[in-house]
Every structure is written in C-alpha cells, then in structure tokens.
Amino acid sequence: MPFSLHGLAVSQGIAIGRAHLISHATFEVAHYTIRERDVGQEIERFEAALAAVRNDLTVLHADALAPGAPSELSALVHVHAMFLDDPMLAETPKELIRARLCNAEWALVQQMQQLAAQFDEIDDSYLRERKHDIVQVVERVLRVLLGKSRRLTRKGNDKDELIVVAHDLSPADTIQFKNLKIAGFVTDLGGATSHTAIVARSLAIPAVVGLHHARPLINENDQLIVDGTRGVLMVNPDARVLEEYRLRKRELELVRSKLKRLKTARATTLDNIDVSLQANIELPQDIAQVKEVSADGVGLFRTEFLFMNRDTLPTEEEQFEAYKAVAKALAGKPVTIRTLDIGADKTARAIGQSSRQAPNPALGLRAIRYCLAEPQIFLAQLRAMLRASHFGKIQILVPMLAHQHEIEQTLAMIEVAKQQLREKRIKFDENVPVGGMIEIPAAALALGPFLKRLQFLSIGTNDLIQYTLAIDRTDESVSHLYDPLHPAVLRLLAMVIQTAHKAEMPVAVCGELAGDPKLCRLLLGMGLRQFSMHPSQLLEVKQQIVMADTEQLEAKVARILRCDDPERIREQVERL
Ligand code: PEP
Ligand code: MG
C-alpha cells in the first residue's frame with residue numbers, strides 16, 4: 001500500500017529506486033551475499049569471532065572474581081558466556097550463512113532480531129529483560145567481526161538504483177557511499193547540518209533525515225521516491241505519482257545541466273564586485289568535482305574523513321600524499337586544509353572515540369581541543385600539511401578555537417613542526433598562512449586575538465548556529481530550533497565579517513549557509529566576498545551572484561540586521 005513520510009530535506013534532488021535496509025545504528029553491519037565456495041571461510045570467520053569473545057569473557061570472569069569486584073559482574077559474565085554457547089547464537093547463524101549465502105555479521109543480526117522478537121513476547125518481566133543480554137553478546141561478536149571488515153557493500157548484481165534506509169548513519173558510514181552507487185538515503189534520526197547530511201550534499205545524492213519511523217515501516221526492495229527538496233519519502237507509490245516524479249527528476253536534471261554554462265563565467269556582481277567561490281572537500285578524490293565547477297580553490301578540506309573507516313591512524317606519509325595530491329591538483333589555487341576536527345558526531349575507530357563517548361560530545365574534547373591534548377597526532381598532521389605546502393598554495397585552518405591560549409598553543413605547535421622539518425632539511429613554505437575558524441560565539445564576540453595572531457578567518461556557521469542557539473545540530477527533535485535567520489546569528493555573522501574587513505583580514509564563510517542559494521544575497525549584503533561550499537552547490541550560488549547588486553543589498557541587509565521579528569526577517573530575506 002502506498003504511504004508517505006515527512007522529514008528534514010537535507011540534500012536536494014529526487015531519487016527513485018529500491019529500498020536497501022541497513023539495521024539499527026548499533027548494528028550498522030555490512031550486508032552482502034557471498035559466493036557458495038566462500039561459505040566455509042565465512043563460517044570460520046564467524047567461529048573465530050565467537051572464540052575471541054569466549055576468550056574475552058574468560059578473562060572478564062577471572063577479573064570478576066577478584067576481591068572487591070561487584071558481585072553482579074560475575075553473574076552477568078556467566079549469563080553472557082551461556083548465551084554465547086547456546087546453539088541459537090552459535091549455530092543458527094551458520095545455517096543462515098549456508099542457506100542464504102549472507103555474510104556472518106548479517107546472519108548474526110538477523111538471528112538476534114528473531115530472538116529479540118521472541119523475548120518481547122514473554123510475560124515474565126525478568127526473562128523478557130534477558131533480551132538485552134543477548135543484544136550485548138551479539139554486539140561483542142559484531143565488534144570482533146567488524147574489526148576486520150566494516151564496509152558497506154553493494155551486491156555485485158544490483159542493477160536497480162538503491163536507496164539506503166537506516167535508523168541512523170554516521171558520517172563514517174555515509175562517506176563510504178562515495179564509492180558505491182547509492183541513489184539516495186533516508187534515516188530516522190539526524191539533523192540538517194549533521195555531518196551525515198553534509199556528506200550527502202557533497203555526494204549530490206538526495207537525502208531525507210529525521211523520518212522517525214522509516215526503518216521499521218519499510219521492507220527490503222520496497223519501491224521508494226526520495227524527494228530531497230521537500231523532505232518527503234514515498235513508499236510503494238502508485239503509477240501516477242511515479243510518473244509525475246520521473247518527470248520532475250528529468251526537469252531537475254535539465255536545470256542542472258543548464259547551470260553548467262556558468263562554469264567558466266566569473267563570479268562578479270552587477271556592480272562589478274568579484275566574489276571568490278571555493279569548494280569544501282572531504283577526500284582528495286573530491287578534486288574532480290572541484291575542477292568540474294572551476295572553483296577558485298579549496299576553502300575547507302575536512303581532513304577528519306581521512307581518519308575514518310580504518311583501524312589505525314593515517315601515517316604522516318599517507319597524510320602528506322593526500323594533501324600534496326590536492327595541492328598539486330589545484331595548481332597554485334589556495335587549498336585550505338583544516339586540522340583534525342574529530343569528536344562530536346565525527347568519530348574514528350583509530351582514535352577510540354566510538355567506544356569512549358563523552359557525556360556531551362559537541363561540548364567535549366573535539367577539534368583543536370583534542371589535537372592539543374594529543375600532541376603527537378597533531379604534530380604528525382602539521383608536518384604533513386607543511387610538507388605539502390612545498391607543492392602548492394596551502395593554508396592551515398584551525399577549528400573550534402575560543403581562547404587566546406589555544407591560539408598561542410596552536411602557533412607554538414606549528415613552530416615545533418616547522419623546526420622538526422628544518423632539522424631534517426625538508427622543504428616547506430615558511431610563510432604558510434594560519435587561519436582560525438569562527439564557530440563558537442565566544443570567538444565571534446572576542447575577535448582580538450584572532451585578528452592579531454592569525455592571517456585569515458573562516459566562519460563555520462554550522463557550529464556557530466549550534467552553539468549560539470544551544471541546539472545539537474544532529475538531533476532532529478530540536479531541528480525546528482536550528483534557525484540560521486535568528487537575529488542573534490545574523491548579528492554575530494555580520495559583526496565578524498565587518499570587524500574582519502576593518503582589520504583587513506580575509507574572511508570566508510565555509511558552513512552550509514555559504515552554499516544555500518537562498519541566503520547568498522543576504523551574505524553579500526553583509527559584505528561577504530569569499531564563500532566556500534560543496535562543489536555541487538557552487539554554480540547555483542554563482543547564478544545568484546551574477547544577478548546581485550551589492551550596494552542595493554547592503555542597504556537592505558542593514559535594515560534586516562536591526563529587525564527583531566523573525567517573521568519579518570524571513571519575509572525580507574525572501575524579498576532581497
Ligand atoms: C561549520 O561548523 O560550519 C563547519 C564548516 O565545520 P563542520 O561542519 O565540519 O563542523
Ligand atoms: Mg564546525
């Protein structure tokens with residue numbers, strides 16, 4: 001039966017395809033079919049994981065018997081060991097591997113879901129609660145299995161367009177879509193400027209998040225339409241709706257292809273003001289897209305994605321190669337590489353954050369705070385960036401700065417990295433510019449040390465809005481409060497841009513606001529002349545710029561900035 005669900009539109013466009021379900025966040029496991037001749041090997045992999053967990057539990061049991069250990073621990077470990085050896089967990093998944101030719105992780109999760117449903121039916125509350133023990137045991141086994149392979153994969157024979165349906169997706173999961181032909185995705189959780197949504201936009205695949213009940217209501221292979229512009233998901237639509245959306249999809253493709261004509265046009269306003277349009281990237285492979293739209297440089301290279309989906313940290317050498325590749329490919333255009341912004345919704349196994357979740361990760365040891373706490377990791381990255389500066393026009397950008405002492409410590413670390421390179425006679429650009437992201441209200445309100453000690457600024461509006469309005473950008477339950485047009489946000493933005501201009505300090509916006517064509521005129525009117533966004537949005541923004549007159553906009557925006565009424569602000573922004 002056809003039905004539709006409404007969520008947050010996070011990545012524009014229309015995708016039509018078949019549902020491909022990914023299980024609950026805890027069990028974001030690879031789901032793929034194996035060849036018949038690999039069944040034995042897959043079963044061995046499963047048995048090895050069981051043996052490893054059995055071993056862990058034996059060690060834990062010994063610890064649990066030590067004097068002073070809580071008495072419940074020993075009982076708990078005992079129950080877990082019992083479940084682990086029960087044929088329903090130790091044997092049935094093997095049968096599923098054989099019968100359905102599915103990988104071990106997926107077989108285990110299917111069986112777990114089956115058992116969990118049976119436990120839900122039990123009247124006795126004590127026994128019913130044992131479901132959680134089963135889930136925990138399965139999690140242990142999955143962790144071992146995933147340690148070896150945690151890749152999202154497509155079945156080799158998939159011809160249909162696939163739409164991923166998940167309860168939640170991490171940025172690390174989503175970045176893997178770059179190598180898989182995924183037509184779109186939908187999730188139950190997530191906010192519009194979460195990094196998962198940002199990656200979706202960078203892939204230019206339609207996505208809707210915050211749907212609440214998509215995962216339980218949709219079956220594998222259901223036909224889906226994702227309307228990433230309106231935030232609507234249609235499930236098993238009738239033929240008329242399907243035809244209408246096919247038509248709309250073709251129209252959108254036509255508009256996109258017409259936009260390509262702007263590729264070589266200069267981003268100059270009607271009153272002859274040149275605007276720099278740069279690109280945000282996550283991985284070196286994104287450079288192809290940057291070139292396709294002739295961006296003026298890379299305004300933000302989110303390096304943390306190099307650290308995801310792997311068990312070890314990228315070495316200095318690996319990072320150097322990645323940064324050098326981008327620097328060389330941009331052939332003299334600026335490449336702004338941001339130091340590691342790990343933490344909050346971006347976690348990396350190699351850094352151990354997925355298992356060590358902070359009580360409030362967005363306010364915790366994130367970005368520069370993490371780097372200053374881990375000098376060896378930071379220094380390796382700084383050396384890699386500096387070495388790459390010999391091959392192009394590199395700028396170093398530092399995220400989440402708020403305190404003067406953080407700026408001083410960062411500069412001191414850059415000096416240490418430079419000295420280490422000098423001692424080894426390795427070449428780098430001695431004058432590599434260092435800039436700070438303005439994404440914490442404290443930084444926006446007290447710009448002095450930034451203006452004194454750094455060479456450029458880049459406003460991270462995603463976080464600036466999150467921290468100004470005190471709403472978690474990844475939490476769909478407060479997404480209605482995430483308002484880029486809140487007067488406080490607009491005034492902070494305008495103030496940073498104007499203060500920077502007065503101090504003759506280059507300033508860019510690299511948050512999602514910069515790539516929103518509807519807000520482009522507002523930013524121009526605030527005086528912004530440097531925008532950095534995902535390449536997929538660049539030509540649409542350029543189209544706005546070539547039709548704008550900054551003088552007129554400045555007068556109108558000055559009035560908007562004095563306004564306190566959100567409805568009037570919205571109306572006036574629409575009329576700009
Ligand atoms: C921002 O906060 O606006 C930004 C560009 O950084 P990120 O989205 O990676 O936090
Ligand atoms: Mg940020």
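For ligands, and for the atoms within them, numbers begin at 1 and follow the listed sequence. We count residues from 1, following the sequence as given.
- Around the Mg ion (ligand 2), protein N, O or S atoms at less than 2.8 Å comprise E439 OE1, D463 OD2.
- When the options N280, T461, T336 are evaluated for a side chain to side chain contact (heavy atoms under 4.5 Å, CB included) with C510, the one that passes is N280.
- Shortest non-hydrogen contact noted between K418 and L386 is CG-CD1, 3.7 Å.
- Look at D483 and R570 and you find a salt bridge, because one of the NZ, NE, NH1 or NH2 atoms lies within 4.0 Å of a carboxylate O, short of that distance.
- Across L528, L519, I459, L522, a single residue satisfies side chain to side chain contact (heavy atoms under 4.5 Å, CB included) together with L513, and that is L519.
- A salt bridge is absent between K263 and E292: the closest approach of a Lys/Arg side-chain nitrogen to an acidic carboxylate oxygen does not fall below 4.0 angstrom.
- A side-chain hydrogen bond (donor to acceptor under 3.5 Å, both in side chains) with R383 is found for exactly one of E317, Q319, E316, namely E316.
- Closest approach of E476 and S479 over heavy atoms only: O-OG, 2.9 Å.
- For ligand 1, the 4.0 Å heavy-atom shell contains residues H195, I198, L300, R302, R338, D341, K346, R366, M437, E439, G460, T461, N462, D463, R473, C510, G511.
- Salt-bridge check for R302 with D341: failed, with every basic side-chain N at 4.0 Å or more from each acidic carboxylate O.
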Query raised in the report: Could you walk me through whether I560 and L576 pass the side-chain contact (heavy atoms from CB on, under 4.5 Å) check?
Result: CA-CA 10 Å; I560 294 178; L576 272 176; 4.1 Å; yes

